[in-house]
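Numbered from 1 within each chain, the chains take letters A, B, ... in sequence-line order. These values consider heavy atoms only, across backbone and side chains, with no hydrogens, waters or symmetry-generated copies.
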Amino acid sequence: GENVEQHPSTLSVQEGDSAVIKCTYSDSASNYFPWYKQELGKRPQLIIDIRSNVGEKKDQRIAVTLNKTAKHFSLHITETQPEDSAVYFCASIINSGGSNYKLTFGKGTLLTVNP
Amino acid sequence: DSGVTQTPKHLITATGQRVTLRCSPRSGDLSVYWYQQSLDQGLQFLIQYYNGEERAKGNILERFSAQQFPDLHSELNLSSLELGDSALYFCASSVGLAGRIQETQYFGPGTRLLVL
């Protein structure tokens with residue numbers, strides 16, 4: 001089955017610095033890659049996503065890049081702020097319609113932004 | 001607030017018991033997903049229902065089952081509970097257009113289950 005590796009497991013940065021979280025996946029059929037942010041005690045929330053036919057996507061301070069050949073995708077957060085502190089999960093989804101749907105999450109990265 | 005509701009918020013029970021978790025999706029969403037989040041296993045996809053029918057299965061144990069009713073709410077049934085079933089159980093919903101690759105999922109607040 002699909003295996004998603006996420007690194008690092010913890011990341012501590014100073015406010016204003018950039019943070020990068022990387023995920024690798026194993027199944028080349030994966031075609032959708034969302035990133036979720038989960039604050040302590042709260043629900044996961046989608047922050048950005050990318051489809052397999054796109055190499056990069058940006059949304060203000062957040063960007064995601066995808067390298068299909070190498071089977072890895074990364075989350076980039078620039079100008080980090082203390083409120084960015086949370087656990088971030090990547091996911092790899094195979095969704096080709098009907099019952100062919102598989103979703104695998106990474107183990108998560110605890111990001112701490114120090115003021 | 002995502003518009004997805006889950007009840008109960010907390011549940012404490014004993015090993016060997018059976019519990020039912022309930023989820024109401026966002027208005028208009030046809031798909032419901034169930035997830036288990038524990039410290040050692042992380043976030044695990046359990047099962048998906050679309051418009052009343054099971055669509056996809058993840059790492060769901062045979063002791064667990066789910067269903068989606070005509071009004072689109074869903075229930076996750078956990079039986080013969082073990083200590084290791086203690087976890088946070090989330091449901092999520094999406095519009096669920098068949099064949100659409102990019103389906104944004106909206107998570108509910110979760111049900112925290114403690115098995116003693």
In one Ile/Leu/Val/Met/Phe/Trp/Tyr side-chain cluster, 4.5 Å: V20(A), L11(A): no

Heavy-atom neighbours of R26(B) CZ exceed 12 at 6.0 Å: yes

Greater than 12 external heavy atoms within 6.0 Å of E79(A)'s CD: no

Heavy-atom side-chain contact between D1(B) and R43(A) under 4.5 Å: yes

Per-residue contact mode, L103(A) against chain B (heavy atom under 4.5 angstrom): both

K107(A) NZ to L43(B) CG distance, which is reported to the nearest 0.5 Å: 10.0 Å

Chain A contacts, top residue of G42(B), G108(B), G110(B) (heavy-atom pairs, under 4.5 Å): G108(B)

Under 4.5 Å from any heavy atom of chain B - which part of P44(A): both

Within-4.5 Å side-chain heavy-atom neighbours: Q105(B) and Y36(A): yes

Engaged part of Q45(A) at the chain B interface, taking heavy atoms whose separation is under 4.5 Å: neither

L83(B) atom CG: more than 12 heavy-atom contacts under 6.0 Å: yes

Any F105(A) side-chain heavy atom under 4.5 Å of Q41(B) side chain: no

Transitive ILVMFWY side-chain link L21(B) to I12(B), under 4.5 Å: no

Same apolar cluster: F90(B) and V87(A), side chain cutoff 4.5 Å: yes

Interface moiety of Y35(B) toward chain A, non-hydrogen atoms closer than 4.5 Å: side chain

Residues, nucleotides or ligands: over 12 heavy atoms within 6.0 Å of L116(B) CG: yes

Same apolar cluster: V95(B) and V32(B), side chain cutoff 4.5 Å: no

Heavy-atom proximity to chain A below 4.5 Å, by part of E53(B): neither

Pair F107(B)-K42(A), side-chain contact (heavy atoms from CB on, under 4.5 Å): steps then yes or no: CA-CA 10 Å; F107(B) 281 73; K42(A) 296 191 176 179; over 6 Å; no

Reported CZ-to-NZ distance for the pair F45(B) and K102(A), which is rounded to 0.5 angstrom: 11.5 Å

